[in-house]
**Student:** 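Supplied in structure tokens, the structure appears directly below.
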Amino acid sequence: MEEEVKSLNFIEHIIEEDLSQGYSQEELRFRFPPEPNGYLHIGHASSICLNFGLGLKYNAPVNLRFDDTNPAKEEKEYVEAIKRDVEWLGYRWDSERYASDYFQQLYDWAVELIKMGKAYVDSQTSEEIAEQKGTPTEPGEESPYRSRSVEENLRLFEGMKNGEFEEGAHVLRAKIDMKSSNMLMRDPIMYRVLHKAHHRTNTDWCIYPMYDWTHGESDYIEQVSHSLCTLEFLPHRELYDWFLDQLVSEKKLRPKQREFARRNLSHTVVSKRKLLQLVESGVVSGWDDPRMPTISGLRRRGYTPESIRNFADTIGIAKRDNVVDVSLLEFHVREHLNKIAPRVMGVLNPLKVVITNYEEGKEEWLDAENNPEDDSAGNRKVPFSRELYIEQEDFREEANRKFFRLKLGGEVRLKNGYIIKAESCTKDEDGNVTEVQCTYDPKSKSGSGTEESLRKVKGTLHWVSIPHAIEAEVRLYDRLFTDATPDGYKDKDFMEFVNPASLNKVTGYLEPSLKNAKIGDRFQFQRLGYFNVDLDSTDEKMVFNRTVTLRDTWAKIEQKN
RNA sequence: UGGCCUAUGGUGUAAUUGGUAACACAGCUGAUUUUGGUUCAGUCGUUCAAGGUUCGAGUCCUUGUAGGCCAACCA
């Protein structure tokens, strides 16, 4: 066996470097740290695959840590949704942690910082503080409260904790450098007063630590070796390190933050605000609408965890801006579904075909292969009768020889069935074909081994027997946005690019074997695409989603003309 | 007017750390095919620019250009 040499991404290079410079493999530990204020999306999937993938590669534990320091935005519902999504992707965390587990420790450390003269209580308004902060090009000025005594700071900070003050009355700030070229180092806020119940600590606390004061210290508590985040946190690294400098013990591992560029997917948006806007404006039906780039949306759409993991693996991780084309994601679902999805037949745009020389009232149950890609998939029976549906696009009265499908006087193979010939057709007053009359060759039955059955005809069509067909709602999805980068324009709102035709509900006529399909089951409707049973499906009315179409070279040929 | 990050085919990512620019997708040809699917074979096309160091530069240096990030009591 030839070993495939897998190249390393820059994060793995860093880890390999650390390993060769004295880190032991046992010290490696990672974490995935979502804030439970929304649903996970395809961008998070990349981060999840990165962190958990590293865990698998180095046999290192990975924590799932909820960054729950802002009770105004966070809810238990999101915690549950996030856990479900990470599990669905196929990963197991070593331990489930919450930044809120560390509130007491963080408070104690903050007191230490005050005692060291490295933190102070500021009693200005947020406007005043913002004013003094300066701009990226101008230095800030120091707060008049910056030189409060340790005793007063201690007393005020305790008062904050004990609920003696209104929101906004005081904040705790780190005393660093108001002239730093890094805005984050200009005496960043560590704590604010928030009289809000937290989804886990309830009303135990009325002061809450800020992200910067929480994240690195949480990494330190959990002894995370490599704390990976997106590039916009790069300026935070200096502060991350400064906070760690104040309390790291030499005997313990010191976490390091490293940053990678978030992955952008074309034809969609991923910011929580924009996703929420799509939900609230009714453009989509909810966070798990199959058109949404959320993990729950992709799951409902019929994507497999494997396909998402392979996608994440293929696009890799780097530091430059990027927009990954959705077609790559689609490639990965097709690749996986091609291997696992049973083939069935269903007609979405029906045109009636009558086999005039087929006995009325007769039915035959034909053998059909479940999956040519999987020898163990076996066979099933599909009913054949005198009256069938084929797709409207599969018949033309006349066409050139590039058109392999049914035309008057022409022959075509009905998949798993007989070779038929179109003899005539009837039309309505508008000239639309409403029925095609065909004859069949009784000796051409698929698999019968006769000379006639072995005849080569250019086209093969899927079909369904009208009296046996089951009706179902089929939801056909297109891209949610008509532009590759809907939120990439300064002068245009992303909502302007919403694709008005992103959802098309049709009635499908499906082979009867589908009657037993369960919610979530995935199929290939032959020649049409991959579909799964939607959770709106009931015993009375089945509902299918089209996950993705098949590759369609015919459509490309058509487009050129 | 500041600081920091990034620049490799249409897209995404590599390049044994200075030694033949490659992989996947997309595109295009063709073969196979009872799915215009799959599979197979082939093909197209790349180091932001200008200097410099070097036997040799995608990689190092300088300058420039372009894009991004940084002024929430958000994360």
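Residue numbers begin at 1 in each chain, while the letters A, B, ... track the order of the sequences. Here the structure is a predicted model, which is why all the values come from computation and not from measurement.
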**Student:** Does A/Arg320 have a side-chain nitrogen or oxygen under 4.0 Å from the phosphate oxygens OP1 or OP2 of B/G68?
**Tutor:**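 Negative; the distance criterion is not met.
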**Student:** Using heavy-atom distances to pick each residue's nearest nucleotide on RNA chain B, tell me which of A/Asn338 and A/Asp325 is more 5'.
**Tutor:**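 Result of the comparison: A/Asp325.
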**Student:** Have A/Glu77 and A/His199 got a donor and an acceptor in their side chains that come within less than 3.5 Å?
**Tutor:**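 Not at all, the side chains of A/Glu77 and A/His199 share no donor-acceptor pair under 3.5 Å.
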**Student:** May I ask you to verify whether the side chain of A/Glu373 and the base of B/G37 hold a donor-acceptor pair under 3.5 Å?
**Tutor:**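 Indeed, a donor on one side and an acceptor on the other fall under 3.5 Å apart.
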**Student:** State the dot-bracket string of RNA chain B. Criteria: Watson-Crick or G-U wobble, both atom distances under 3.5 angstrom; notation: ( ) intrastrand, [ ] crossing earlier pairs, | interstrand, . unpaired.
**Tutor:** .((((((..((((.....[..)))).(((((.......)))))....(((((..]....))))))))))).....
**Student:** Ignoring hydrogens and angles, answer whether the base of B/A24 and the side-chain atoms of A/His332 contain a donor-acceptor pair closer than 3.5 Å.
**Tutor:**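 Absent.
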**Student:** Hey, is A/Arg186 close enough to A/Asp177 for a salt bridge, meaning N to O under 4.0 Å?
**Tutor:**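 No, A/Arg186 and A/Asp177 are not salt-bridged.
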**Student:** Of the nucleotides B/G12, B/A14, B/C74, which has the atom closest to the A/Asn322 side chain?
**Tutor:**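 Minimum distance to the A/Asn322 side chain belongs to B/G12.
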**Student:** Applying a 4.0 Å non-hydrogen cut-off, can you work out what A/Gln124 is touching in the nucleic acid: base, sugar-phosphate, or nothing?
**Tutor:**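 The residue A/Gln124 makes base contact.
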**Student:** Would you classify B/U46 as syn or anti? Syn applies when the glycosidic angle is within 90° of 0.
**Tutor:**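 B/U46: anti.
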**Student:** Quick one: does A/Arg263 reach the base of B/U13 with a side-chain donor-acceptor pair under 3.5 Å?
**Tutor:**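 When only heavy-atom distances are counted, A/Arg263 does not reach the base of B/U13 through any donor-acceptor pair under 3.5 Å.
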**Student:** From B/G36, B/G67, B/A24, pick the nucleotide closest to the side chain of A/Thr314?
**Tutor:**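 From the listed options, B/A24 comes nearest.
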**Student:** Side chain of A/Lys490, heavy atoms from C-beta onward: which of B/G36, B/G12, B/G68 has the nearest atom to it?
**Tutor:**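 Nearest to the side chain of A/Lys490 among the choices is B/G68.
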**Student:** How would you label the contact of A/Asn70 with the nucleic acid (heavy atoms, under 4.0 Å): base, sugar-phosphate, or nothing?
**Tutor:**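 Contact class for A/Asn70: sugar-phosphate only.
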**Student:** Whole Å only: how far is the CG atom of A/Asn310 from the C1' atom of B/G12?
**Tutor:**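 So the two atoms are 15 Å apart, to the nearest Å.
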**Student:** When the P atoms of B/G64 and B/C69 are compared, how many Å lie between them, rounded to an integer?
**Tutor:**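 B/C69 and B/G64 have their P atoms separated by 22 Å.
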**Student:** For B/G10 and B/U1, measure between their C1' atoms and round to the nearest Å.
**Tutor:**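 Looking at atom C1' only, B/G10 and B/U1 are 38 Å apart.
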**Student:** Using the C1' atoms only, state how far B/G58 lies from B/G18, rounded to an integer number of Å.
**Tutor:**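 Rounded to whole Å, the distance is 11 Å.
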**Student:** Classify the nucleic acid contact of A/Arg343 as base, sugar-phosphate or nothing, counting any heavy atom under 4.0 Å across all strands shown.
**Tutor:**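 Base contact - A/Arg343 has a heavy atom under 4.0 Å of at least one base atom.
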**Student:** For the C1' atoms, the ones on B/A41 and on B/U33, what distance do you get once it is rounded to whole angstrom?
**Tutor:**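 Approximately 15 Å lies between the C1' atom of B/A41 and that of B/U33.
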**Student:** Identify the two heavy atoms, one from A/Arg413 and one from A/Arg455, that lie closest to each other, and give their separation to 0.1 Å.
**Tutor:**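 Result for this residue pair: NH2-O, 4.4 Å.
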**Student:** Does A/Arg192 put a side-chain nitrogen or oxygen below 4.0 Å from OP1 or OP2 of B/A75?
**Tutor:**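 Indeed, a polar side-chain atom of A/Arg192 lies that close.
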**Student:** Categorize A/Phe233 for me: base, sugar-phosphate, or nothing, with a 4.0 angstrom heavy-atom threshold over every strand shown.
**Tutor:**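 A/Phe233: base contact, heavy atoms under 4.0 Å.
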**Student:** Should the ring pair A/Tyr208 and A/Phe103 be called parallel, tilted or perpendicular, given that the plane angle runs from 0 to 90° and is split at 30 and 60?
**Tutor:**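 Geometry flag for A/Phe103 against A/Tyr208: perpendicular rings.
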**Student:** Should the ring pair A/Phe157 and A/Tyr107 be called parallel, tilted or perpendicular, given that the plane angle runs from 0 to 90° and is split at 30 and 60?
**Tutor:**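 Rings of A/Phe157 and A/Tyr107: parallel, under 30°.
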**Student:** Which nucleotide, B/C73, B/C69, B/U34, lies nearest any side-chain atom of A/Ile129?
**Tutor:**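 Side chain of A/Ile129 sits closest to B/C73.
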**Student:** For the C1' atoms, the ones on B/G68 and on B/U35, what distance do you get once it is rounded to whole angstrom?
**Tutor:**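 Going atom to atom, C1' in each nucleotide, I get 46 Å.
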**Student:** Counting side-chain heavy atoms from CB outward, which of B/G12, B/A15, B/A75 is closest to A/His13?
**Tutor:**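 Nearest nucleotide to the side chain: B/A15.
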**Student:** What distance, rounded to whole Å, do you find between the two P atoms, one in B/A26 and one in B/U39?
**Tutor:**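 10 Å, rounded to whole Å.
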**Student:** Check every strand shown and say whether A/Ser180 touches a base, only sugar-phosphate, or nothing at a heavy-atom separation below 4.0 Å.
**Tutor:**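 If one applies the 4.0 Å heavy-atom cut-off, A/Ser180 turns out to touch nothing in the nucleic acid.
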**Student:** Taking A/Thr547's backbone N and O only, do any of them form a donor-acceptor pair with A/Arg522's side chain (distance below 3.5 Å, no angle check)?
**Tutor:**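 Looks like no, no N/O pair under 3.5 Å.
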**Student:** How would you label the contact of A/Pro372 with the nucleic acid (heavy atoms, under 4.0 Å): base, sugar-phosphate, or nothing?
**Tutor:**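 Here A/Pro372 touches the bases of the nucleic acid.
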**Student:** Determine whether any donor atom in the side chain of A/Ser446 lies under 3.5 Å from an acceptor atom in the base of B/U34, or the reverse, and answer yes or no.
**Tutor:**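 Flag set: donor-acceptor pair detected.
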**Student:** Does A/Lys402 or A/Lys458 map to a spot on RNA chain B nearer the 5' end, using the closest nucleotide for each?
**Tutor:**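 Residue closer to the 5' terminus by nearest nucleotide: A/Lys458.
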**Student:** Output the single nucleotide from B/C25, B/C74, B/C69 whose closest atom is nearest the side chain of A/Pro235.
**Tutor:**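 Of the candidates, B/C69 comes closest.
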**Student:** Please check: side-chain N/O of A/Ser227 versus main-chain N/O of A/Asp219, any donor-acceptor pairing under 3.5 Å?
**Tutor:**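 No; zero donor-acceptor contacts below 3.5 Å.
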**Student:** Using whole Å, report how far CD of A/Glu128 lies from P of B/C73.
**Tutor:**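 Rounded to the whole Å, the gap is 13 Å.
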**Student:** Would you tell me if any nitrogen or oxygen in the side chain of A/Thr69 comes within less than 4.0 Å of OP1 or OP2 on B/A75?
**Tutor:**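 Yes.
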**Student:** Figure out the CZ/P separation between A/Arg405 and B/G37, and round it to whole Å.
**Tutor:**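 Roughly 11 Å, once rounded to whole Å.
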**Student:** May I ask you to check whether A/His170 and A/Phe165 place their ring centres under 6.0 Å from each other?
**Tutor:**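 Centroid separation for A/Phe165 and A/His170: below 6.0 Å.
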**Student:** What about the rings of A/Tyr78 and A/Tyr39, do their centers lie closer together than 6.0 Å?
**Tutor:**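 Ring centroids of A/Tyr78 and A/Tyr39 are less than 6.0 Å from each other.
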**Student:** Distance between the C1' atoms of B/G37 and B/U47, in whole angstroms?
**Tutor:**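 After rounding to an integer number of Å, I get 37 Å for this pair.
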**Student:** Report yes if at least one side-chain N or O of A/Lys456 is closer than 4.0 Å to OP1 or OP2 of B/U34; otherwise report no.
**Tutor:**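 It does, given that an N or O in the side chain of A/Lys456 lies less than 4.0 Å from OP1 or OP2 of B/U34.
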**Student:** Need one value for A/Leu550: base, sugar-phosphate or nothing, where a base atom within 4.0 Å counts as base even if backbone is also close, heavy atoms only.
**Tutor:**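 If one applies the 4.0 Å heavy-atom cut-off, A/Leu550 turns out to touch a base.
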**Student:** Just checking, is any N or O donor in the side chain of A/Gln257 or A/Tyr240 under 3.5 Å from an acceptor N or O on the other one?
**Tutor:**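 No, A/Tyr240 and A/Gln257 have no side-chain donor paired with an acceptor closer than 3.5 Å.
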**Student:** Is any side-chain nitrogen or oxygen of A/Lys556 closer than 4.0 Å to OP1 or OP2 of B/G27?
**Tutor:**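 For B/G27, OP1 or OP2 has a side-chain N or O of A/Lys556 closer than 4.0 Å.
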**Student:** Does any N or O donor sit under 3.5 Å from an N or O acceptor when you compare the side chain of A/Arg413 with the base of B/U34?
**Tutor:**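 By the distance-only test, yes, there is a pair.
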**Student:** Pick the P atom in B/U43 and in B/C25, then give their distance to the nearest Å.
**Tutor:**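 It works out to 16 Å between them.
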**Student:** Base, sugar-phosphate or nothing for A/Asp552? Non-hydrogen atoms, less than 4.0 Å.
**Tutor:**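 The residue A/Asp552 makes sugar-phosphate contact but no base contact.
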**Student:** Would you classify A/Val457 as touching base, sugar-phosphate or nothing, given that sugar-phosphate means primed atoms plus P, OP1 and OP2, and contacts are heavy atoms under 4.0 Å?
**Tutor:**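 Here A/Val457 touches no strand at all.
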**Student:** Provide the closest heavy-atom pair for A/Arg380 versus A/Val344 in the form atom of the first, atom of the second, distance.
**Tutor:**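 Shortest heavy-atom contact: NH2-CA, 3.5 Å.
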**Student:** In terms of side-chain heavy atoms of A/Lys319, which of B/C28, B/C5, B/U35 is nearest?
**Tutor:**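 Comparing B/C28, B/C5, B/U35 against the side chain of A/Lys319, the answer is B/C5.
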**Student:** Within the 4.0 Å heavy-atom criterion, would you say A/Arg551 contacts the bases, only the backbone, or no part of the nucleic acid?
**Tutor:**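 Sugar-phosphate, no base atom in range.
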**Student:** What pair of heavy atoms forms the shortest contact from A/Trp463 to A/Lys415, and how long is it?
**Tutor:**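 Taking every non-hydrogen atom into account, NE1-O, 2.7 Å.
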**Student:** Does the structure show A/Tyr211 stacking with B/A75, if we require the centres to be closer than 5.5 Å and the planes to be within less than 30 degrees of parallel?
**Tutor:**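 Given the distance and angle limits, no, they do not stack.
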**Student:** For A/Asn9, answer base if it contacts any base atom (sugar-phosphate contacts may also be present), sugar-phosphate if it contacts only those atoms, and nothing otherwise; contact means non-hydrogen atoms under 4.0 Å.
**Tutor:**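 Sugar-phosphate contact only - A/Asn9 comes under 4.0 Å of backbone atoms but never of a base.
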**Student:** Describe the nucleic acid contact of A/Ile419 in one word from base, sugar-phosphate, nothing, applying a heavy-atom distance below 4.0 Å.
**Tutor:**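 Result for A/Ile419 = nothing.
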**Student:** Choose from B/G3, B/A75, B/G12 the nucleotide whose nearest atom is closest to any side-chain atom of A/Asp67.
**Tutor:**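 Nearest listed nucleotide: B/A75.
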**Student:** If you look at every strand shown and take non-hydrogen atoms under 4.0 Å, does A/Phe403 touch a base, only sugar-phosphate, or nothing?
**Tutor:**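 Base contact.
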**Student:** Check every strand shown and say whether A/His215 touches a base, only sugar-phosphate, or nothing at a heavy-atom separation below 4.0 Å.
**Tutor:**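 The residue A/His215 makes no contact with any strand.
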